[in-house]
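Hydrogens, waters and symmetry mates play no part in the numbers below; they use all other heavy atoms, side chains included. Sequence lines set the chain letters: A, B, ... in the order given, protein chains first and strands last, and positions in each chain run from 1.
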Amino acid sequence: MKISEEKKGDVVCLCLSERLDSVTAPDFENKLNGLIGQGLKKIIVNFSALEYISSAGLRVLLVATKKLKETNGKFLICSLQGMVKEVFKMSGFIEILPVFDTEQEAFKNV
Amino acid sequence: MCEHIERDKKRFKAELTNLQPIIGFISNYAQKVGFSSLDKIQLACEEVVVNIINYAYCGKSGEVEISLNVASRNRINVEIRDWGVPFNPLSCQKADTSSCLEDRKIGGLGVFLACKIADKVEYKRKQNTNILTLSFS
């Protein structure tokens, strides 16, 4: 899995590509923990280029969302598509995580 | 769809580093059979295999065996066998997909997704092995 990172003001925007599965989820978790540990409170994760997600990935997202919520931060998800969007729907995560159709919409809410 | 697809079977060490080879083995077979939603088959199988890797052998090494065959009527059967602790994933508490963020439990989600994706899921315990069969049409 590839993670590209862009800072836009006080918001960090991460773009994931390839696969977020049981093998790559720990890398993503470490990345997020690093950012949260630095005190970053606004994170947007863009899924437009991600091809695949499994429950390991969903778990990392759930934990990050809760962590940032506890510190009054924001963890937003955008641009779900394809199989990834289907998995979010199947699992119900599309309802309980803050999901936006586009990155622009996520930025309006961050 | 080709009618003469042979059965296939392979054993792997139940380690996370083998997850890609295991899923690749299953996915390549499904592709030969003519399935197009390979990512969903991969997901269902990953969820089952990862549970075995993480929990079946309680930290000790062990194996997972994948048996693949095509049944009549365009159905592919993926039989996943392990020699670990007795465990029927179907008896686990169903994942809680309707509760809010604060209450959401994390466990059980993998099995839930596998059961939702596969057309049929069967468990049996045979000669000290757990055998979970996922069927996809």
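Note: A:E51 CD to B:D39 CG = 9.5 Å, rounded to the nearest 0.5 Å. B:S37 contributes atom OG, which lies 8.5 Å from atom CD of A:E86 (distance to the nearest 0.5 angstrom).
Looking only at side-chain heavy atoms (C-beta outward), A:R19 and B:Q42 come within less than 4.5 Å of each other. The side-chain heavy atoms of A:Y52 and B:K40, taken from C-beta on, include no pair separated by under 4.5 Å.
A:V23 and A:I53 fall within a single hydrophobic cluster, where Ile, Leu, Val, Met, Phe, Trp and Tyr side chains are chained together by heavy-atom contacts under 4.5 Å. Linking ILVMFWY side-chain heavy atoms closer than 4.5 Å, directly or via other members, places A:L80 and A:L20 in a single hydrophobic cluster. Under the 4.5 Å side-chain heavy-atom criterion for Ile, Leu, Val, Met, Phe, Trp and Tyr, A:I43 and A:V110 are members of distinct hydrophobic clusters. By the rule that hydrophobic residues join a cluster once side-chain heavy atoms approach within less than 4.5 Å of another member, A:F28 and A:L76 end up as members of separate clusters. Residues B:L68 and B:Y123 share a single hydrophobic cluster, defined by chaining ILVMFWY side chains whose heavy atoms lie under 4.5 Å apart.
Minimum interatomic distance between B:G110 and A:R59 (heavy atoms only, all atoms of both residues): N-NH2, 4.2 Å.
The side chain to side chain contact (heavy atoms under 4.5 Å, CB included) with A:S55 is formed by just one residue from the set B:V111, B:L113, B:N51, B:L43; it is B:L113. Residue A:S22 is tested with B:I23, B:I53, B:V50 for a side chain to side chain contact (heavy atoms under 4.5 Å, CB included); the sole match is B:V50.
Counted by atom type alone, A:D21 and B:Q20 present one or more donor-acceptor pairs between their side chains at under 3.5 Å.
With a threshold of 4.5 angstrom between heavy atoms, A:L58 approaches chain B through side-chain atoms but not through N, CA, C or O. Residue B:L16 touches chain A through both its backbone and its side chain, counting heavy-atom pairs closer than 4.5 Å.
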